[in-house]
Amino acid sequence: MPSRRRAILILAALTLLALLSFVLALTVGSYRVTPAEALTALFGGMGGNLGGGADIVLQLRLPRALAGFACGGLLALAGALMQVLLRNPLAEPYVLGISGGAGVGAMFAILIGLPTLGIDGLAFAGALGAMLLVFGLAHGDGSWTQTRLLLTGVIVAAGCGALVALMLTVAEEQKLRGMLFWLMGDLAQASSPWPPLLALLAALAAAMPFARELNLLARGLMQARALGVAVNRLRYVVYLLASLATAASVTTAGSIGFVGLVVPHLVRLATGNDQRLLLPASALAGGALLVLADTAARTAIAPQQLPVGVLTALIGVPVFLFLLARQPR
């Protein structure tokens with residue numbers, strides 16, 4: 001278990017990283033804004049001496065950075081919870097078909113021409129539908145095993161992928177770009193940062209009281225039961241929290257890969273496997289990573305923008321291969 005002083009230092013360092021990511025997100029872009037000008041815009045309101053700079057910071061960059069931080073934190077938190085629930089280092093937020101269900105809902109909404117609010121609503125409904133379907137099929141006759149849950153999620157995700165491919169095939173050409181950007185993850189479509197931010201705070205507040213029990217669950221079911229953990233109840237809670245966190249993120253920004261897989265592993269290198277520190281540290285690190293990746297995505301080939309999911313994949317693949325090389329077992 002990390003000491004309290006070490007835990008405070010780690011959280012302080014990650015908080016500083018998150019603040020730095022916000023500074024870059026607010027100042028870097030086609031229209032350059034200095035840190036001093038960004039602070040003036042934040043604390044001095046609209047207009048002032050900045051002209052259009054304040055509008056860019058307050059109306060475009062700040063909401064996008066807040067949404068990116070919230071989505072990254074949700075994905076990293078969900079990934080950490082999934083890896084404990086399934087006791088599988090390859091577990092990540094999308095492994096149980098939540099993203100696939102959201103994708104089906106969002107693609108159908110775009111296909112029939114619904115506005116952004118309708119796309120978000122159907123994406124969230126699809127994610128909840130996939131969550132309930134996986135839970136119902138995996139629970140079945142009352143049994144509950146990690147393998148059964150994982151296999152059920154993989155099958156549901158495959159079915160959702162087939163439906164998404166079907167809708168892409170029949171979609172009109174002018175709608176394909178929006179569909180592809182949603183599927184690859186795109187924070188430009190985030191309408192409001194407040195729902196995912198509230199979801200992140202709620203998910204973290206709900207998960208932290210179970211951190212000690214999660215430490216025991218990570219050691220194995222038999223040991224956790226022997227030490228008095230209500231394993232079945234705990235697994236239901238973890239599955240529900242991880243699924244809702246994933247649904248909130250996917251609804252806001254589409255499918256953004258590798259954040260929920262890689263970030264918990266990287267944080268675990270510094271913090272160990274104590275969930276009391278790992279969960280909040282993963283949320284901070286995931287949020288900072290996605291804000292930095294989104295800043296790079298919108299500035300790398302400006303004025304054109306890349307889907308942020310492309311950047312997280314380009315970062316996540318070599319990082320995960322490096323982690324595998326460190327532990328060849």
Using side-chain contact (heavy atoms from CB on, under 4.5 Å), reason through Ile256 and Tyr94 one step at a time and then give a plain yes or no. CA-CA 9 Å; Ile256 299 174; Tyr94 302 145; 4.2 Å; yes
Side chain to side chain donor-acceptor pair (under 3.5 Å) between Asn273 and Asn215, worked out: CA-CA 7 Å; Asn273 206 32; Asn215 285 337; 5.9 Å; no
Determine yes or no for a side-chain-to-main-chain donor-acceptor pair under 3.5 angstrom, with [X] supplying the side chain and [Y] the backbone.
X      : Y      : result
Arg148 : Ala138 : yes
Gln59  : Ile56  : no
Arg212 : Arg276 : no

Point-to-point distance, once rounded to the nearest 0.5 Å, from [atom1] of [X] to [atom2] of [Y]:
X      : Y      : atom1 : atom2 : value
Leu214 : Leu81  : CG    : CG    : 6.5 Å
Thr299 : Arg32  : OG1   : CZ    : 9.0 Å
Phe322 : His265 : CZ    : NE2   : 13.5 Å
Met82  : Asn88  : CE    : CG    : 11.5 Å
Leu11  : Leu277 : CG    : CG    : 5.0 Å
Ile8   : Thr15  : CD1   : OG1   : 11.5 Å

Could you pull out the closest heavy-atom pair between [X] and [Y], with the gap in Å?
X      : Y      : answer
Gln275 : Pro280 : O-CD, 4.1 Å
Pro196 : Leu74  : O-CD1, 3.7 Å
Gly257 : Thr312 : O-OG1, 3.0 Å
Pro264 : Gly79  : CG-C, 4.0 Å
Ala283 : Leu200 : CB-CD1, 4.2 Å
Ser21  : Val291 : O-CG1, 3.4 Å

Applying a strict under-4.5 Å side-chain criterion to I, L, V, M, F, W and Y, I'd like to know whether [X] and [Y] cluster together.
X      : Y      : result
Leu284 : Val23  : no
Val84  : Met208 : yes
Leu75  : Phe181 : no
Phe43  : Leu62  : yes
Tyr31  : Val57  : yes

Please state whether the rings of Phe22 and Phe69 are parallel, tilted or perpendicular, taking 30° and 60° as the class boundaries. tilted
Min side-chain heavy-atom separation Ile98-Val250 under 4.5 Å: no
Do Phe210 and Leu217 make a side-chain contact, defined as non-hydrogen atoms from C-beta onward lying under 4.5 Å apart? no
Gln304 atom CD: more than 12 heavy-atom contacts under 6.0 Å: no
Should the heavy atoms of other residues, nucleotides or ligands under 6.0 Å from CZ of Arg225 be counted, would the total exceed 12? yes
Could you walk me through whether Arg235 and Glu213 pass the salt bridge (charged side-chain N to carboxylate O under 4.0 Å, His left out) test, one step at a time? CA-CA 10 Å; Arg235 291 196 293 184; Glu213 295 178 339; over 6 Å; no
Apply the test side-chain contact (heavy atoms from CB on, under 4.5 Å) to residues Leu77 and Leu279: give CA-CA distance (whole Å), side-chain angles for both, the deciding distance (0.1 Å), then the verdict. CA-CA 6 Å; Leu77 178 62; Leu279 295 180; 3.9 Å; yes
Determine which pairs satisfy side-chain hydrogen bond (donor to acceptor under 3.5 Å, both in side chains) with at least one residue from residues 242-261, sequence neighbours left out, and list them in order. Ser99-Ser255
Would Phe258 and Leu314 satisfy side-chain contact (heavy atoms from CB on, under 4.5 Å), going step by step from the backbone distance to the final call? CA-CA 9 Å; Phe258 281 94; Leu314 291 175; over 6 Å; no
Got a list of side-chain donor-acceptor pairs under 3.5 Å for residues 107-134, not counting sequence neighbours?
unit_1	atom_1	unit_2	atom_2	d
Asp120	OD2	Ser191	OG	3.4

Kindly determine whether Leu240 and Phe135 satisfy side-chain contact (heavy atoms from CB on, under 4.5 Å), including the steps that lead there. CA-CA 9 Å; Leu240 181 63; Phe135 178 80; over 6 Å; no
Determine whether Gln83 and Arg268 satisfy the following criterion, side chain to side chain donor-acceptor pair (under 3.5 Å), listing intermediate values before the conclusion. CA-CA 12 Å; Gln83 288 166 13; Arg268 206 174 279 117; 3.0 Å; yes
